[in-house]
Asker: 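Attaching a single structure in structure tokens format; questions to follow.
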Amino acid sequence: MLQQNDFARAIAALREKRPLIHCITNYVTAGDTANMLLAAGASPIMADDPEETAEITAQADALLLNMGTLSERHVSAMLKAGAAANKKGIPVVLDPVGIQLSEFRRNAARRIFSEMKISAVRGNVSELAFLGGYSAVGAHGVDCDPSDMGKAFAAASDAALRYNCVCCVTGVEDYITDGDRAVILKNGCAALKRITGAGCMTTALIAAFAAVCEPFFAAAYGTAFMGICGELSERDPQCRYMGSFRAGLFDKAGMSAEEIAAHIRGES
């Protein structure tokens with residue numbers, strides 16, 4: 001289902017368009033999210049005041065909502081931005097960080113799903129298990145237990161049907177589904193667990209690709225792109241430690257479309 005040539009064309013289209021991605025994201029990883037979007041070829045804008053989020057979204061090509069450091073102010077900003085995105089007809093990509101951990105986050109997610117159309121959701125095992133109606137498995141802060149991937153795959157399929165959107169669960173393997181089509185990606189590396197923000201950057205890349213292709217392939221390409229950057233950085237002898245590995249991610253994101261696409265590994 002996923003072809004190298006199609007992936008390369010999507011990367012080229014992204015870099016040609018340089019889509020503006022409005023990111024309402026968390027303060028822990030906002031800088032990394034912006035830098036990864038820039039390295040991949042997109043243009044980020046971070047605006048989270050409810051007084052301007054609708055106006056900014058109306059000028060954007062995609063909207064990213066990240067619940068990492070959620071507040072009432074952020075929820076208000078997200079709802080206004082989501083309404084503007086739906087009115088304009090641009091994709092909305094959600095990262096439900098820690099949704100299973102508090103009633104505040106669960107209520108916020110309910111409002112988001114009820115008040116706007118979500119194009120794609122990316123989360124870890126625990127987050128997608130919760131959205132799929134399963135008990136929150138592998139809960140350890142916002143991290144997850146790799147042994148729960150089988151349950152997460154089923155939960156992602158259930159969540160995709162429940163919310164009528166593409167769902168992507170990332171872990172040892174990455175699973176993307178719209179409830180009908182599905183693909184398992186085998187890119188990525190263990191070193192991505194050593195840095196904060198890998199998931200946030202992945203979701204941002206999905207939003208960027210959603211500006212140039214339909215949500216199912218946007219989720220697959222954005223997830224693969226991040227996994228490949230991780231693999232190539234981990235293999236680079238100059239990126240042996242946490243800091244240099246993190247910097248290496250941005251360096252690898254600037255490689256040619258063909259070089260990146262050549263590494264995609266997936267099966268439907």
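Residues take their numbers from the sequence shown, with the count starting at 1.
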Asker: Cluster partners of Leu20, using ILVMFWY side-chain heavy atoms under 4.5 angstrom, listed by chain and number?
Answerer: Ile45, Ile56
Asker: Where is the tightest heavy-atom contact between Tyr175 and Ser157, given as atom of each residue plus distance?
Answerer: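 Scanning both residues, the minimum pair turns out to be OH-OG, 3.1 Å.
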Asker: Evaluate the side chain to side chain contact (heavy atoms under 4.5 Å, CB included) criterion for residues Glu234 and Phe245: first the C-alpha distance (whole Å), next the side-chain angles of each, then the deciding distance (0.1 Å), finally the verdict.
Answerer: CA-CA 6 Å; Glu234 186 180 53; Phe245 171 78; 4.0 Å; yes
Asker: Looking at Asn66, Thr203, Asp174, which one forms a side chain to side chain donor-acceptor pair (under 3.5 Å) with Arg122?
Answerer: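 When Asn66, Thr203, Asp174 are each tested with Arg122, the side chain to side chain donor-acceptor pair (under 3.5 Å) holds only for Thr203.
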Asker: Find the distance between SG (Cys213) and CG (Leu14) and round it off to the nearest 0.5 Å.
Answerer: 8.5 Å
Asker: Quick one, Leu205 and Met36 - any side-chain contact, counting heavy atoms below 4.5 Å?
Answerer: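 Heavy-atom side-chain distance check passes, below 4.5 Å.
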Asker: Transitive ILVMFWY cluster of Val93 at side-chain heavy atoms under 4.5 Å: who else is in it?
Answerer: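 ILVMFWY cluster around Val93 also holds Ile206.
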Asker: Please report the interatomic distance SG(Cys165) to CZ(Phe216), rounded to the nearest 0.5 Å.
Answerer: 13.0 Å
Asker: Please go through Val28's hydrophobic cluster and name the other residues, only I, L, V, M, F, W, Y counting, with side-chain heavy atoms under 4.5 Å joining them.
Answerer: Tyr27
Asker: Applying salt bridge (Lys or Arg N to Asp or Glu O under 4.0 Å), which residue pairs with at least one partner in residues 207-222 are found, sequence neighbours left out?
Answerer: Arg181-Glu214
Asker: By the side-chain hydrogen bond (donor to acceptor under 3.5 Å, both in side chains) test, which pairs, at least two apart or in different chains, include something from residues 70-82?
Answerer: Asp48-Arg73, Asp48-His74, Ser71-His74
Asker: Does some side-chain heavy atom of Leu192 sit less than 4.5 Å from a side-chain heavy atom of Met226?
Answerer: yes
Asker: Taking C-beta and beyond as the side chain, do Phe225 and Phe209 meet within less than 4.5 Å on heavy atoms?
Answerer: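 Result yes, sub-4.5 Å side-chain heavy-atom pair found.
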Asker: Measure the shortest side-chain to side-chain distance between Ile228 and Lys252 over non-hydrogen atoms and say whether it is less than 4.5 angstrom.
Answerer: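 The answer is no, as the side chains (C-beta and beyond) never meet within the 4.5 Å cut-off.
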Asker: Is there a path of hydrophobic side-chain contacts, each under 4.5 Å between heavy atoms of I/L/V/M/F/W/Y residues, joining Val75 to Leu64?
Answerer: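 No, it is not one cluster - the side chains of Leu64 and Val75 are not joined through contacts under 4.5 Å.
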Asker: Spell out, as yes or no, whether a donor-acceptor pair under 3.5 Å connects the side chain of Thr29 to the backbone of Gly197.
Answerer: no
Asker: Using side-chain heavy atoms (C-beta onward) and a distance below 4.5 Å, is Leu185 in contact with Arg265?
Answerer: no
Asker: Check whether Thr202 reaches the backbone of Ala198 with its side chain - one donor and one acceptor, N or O, closer than 3.5 Å.
Answerer: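 Yes, Thr202 side chain to Ala198 backbone: donor-acceptor pair under 3.5 Å.
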Asker: Which pairs, with at least one residue in residues 31-43 and sequence neighbours excluded, count as a side-chain hydrogen bond (donor to acceptor under 3.5 Å, both in side chains)?
Answerer: Asp32-Arg246
Asker: Between Arg111 and Met78, does the side chain to side chain contact (heavy atoms under 4.5 Å, CB included) criterion hold? Intermediate values first, please.
Answerer: CA-CA 10 Å; Arg111 294 188 66 189; Met78 289 177 178; over 6 Å; no
Asker: For Arg9, enumerate each residue passing the side-chain hydrogen bond (donor to acceptor under 3.5 Å, both in side chains) test, keeping only those at least two apart in sequence or located in another chain.
Answerer: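 side-chain hydrogen bond (donor to acceptor under 3.5 Å, both in side chains) check on Arg9 returns Asp6.
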Asker: For the backbone of Leu65 and the side chain of Asp95, can you confirm whether one donor and one acceptor N or O come within less than 3.5 Å of each other?
Answerer: no
Asker: Is there a path of hydrophobic side-chain contacts, each under 4.5 Å between heavy atoms of I, L, V, M, F, W or Y residues, that connects Phe7 with Leu37?
Answerer: no
Asker: Taking Glu231 for the side chain and Gly188 for the main chain, is one N or O donor matched with an acceptor at less than 3.5 Å?
Answerer: yes
Asker: Pro91: what forms a side chain to side chain contact (heavy atoms under 4.5 Å, CB included) with it, not counting sequence neighbours?
Answerer: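 With neighbours one apart ignored, the set is Ala62, Ser119, Ala210.
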Asker: Can you list the residues that meet the side-chain hydrogen bond (donor to acceptor under 3.5 Å, both in side chains) rule with Arg105, with sequence neighbours excluded?
Answerer: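 None.
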Asker: Does the side chain of Asp61 reach to within under 4.5 Å of the side chain of Ile90, using non-hydrogen atoms?
Answerer: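 Not in contact.
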Asker: Are the side chain of Glu55 and the backbone of Glu52 linked by a donor-acceptor contact shorter than 3.5 Å?
Answerer: no
Asker: Is there a donor-acceptor pair under 3.5 Å between the side chain of Glu127 and the backbone N or O of Ile99?
Answerer: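 No; zero donor-acceptor contacts below 3.5 Å.
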Asker: Among residues two or more places apart or on two chains, list those pairs meeting ring pair (Phe, Tyr, Trp, His ring centres under 6.0 Å) that have a residue in residues 95-125.
Answerer: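 Only Phe113-Tyr163 qualify under ring pair (Phe, Tyr, Trp, His ring centres under 6.0 Å).
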Asker: Write down the atom of Ser233, the atom of Cys239, and the distance for their closest heavy-atom approach.
Answerer: O-CB, 3.2 Å
Asker: State, yes or no, whether a side-chain contact exists between Met46 and Thr25 at a heavy-atom distance under 4.5 Å.
Answerer: yes
Asker: Output yes when a side-chain donor or acceptor of Lys88 lies under 3.5 Å from a complementary backbone atom of Ala58, and no otherwise.
Answerer: yes
Asker: I would like to know whether Leu94 and Met67 meet side chain to side chain contact (heavy atoms under 4.5 Å, CB included); could you show each step before the answer?
Answerer: CA-CA 8 Å; Leu94 175 66; Met67 294 171 54; 4.1 Å; yes
Asker: If a pair satisfies side-chain hydrogen bond (donor to acceptor under 3.5 Å, both in side chains) and one of its residues is in residues 215-230, list it, with sequence neighbours excluded.
Answerer: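 Listed by first then second residue: nothing to list.
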Asker: With a 4.5 Å cut-off on side-chain heavy atoms, are Asp158 and Cys167 touching?
Answerer: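 Of all side-chain heavy-atom pairs linking Asp158 with Cys167, none is under 4.5 Å.
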Asker: What pairs of residues pass the side-chain hydrogen bond (donor to acceptor under 3.5 Å, both in side chains) test when at least one of them lies in residues 12-23, not counting sequence neighbours?
Answerer: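 Listed once each, the pairs are His22-Thr57.
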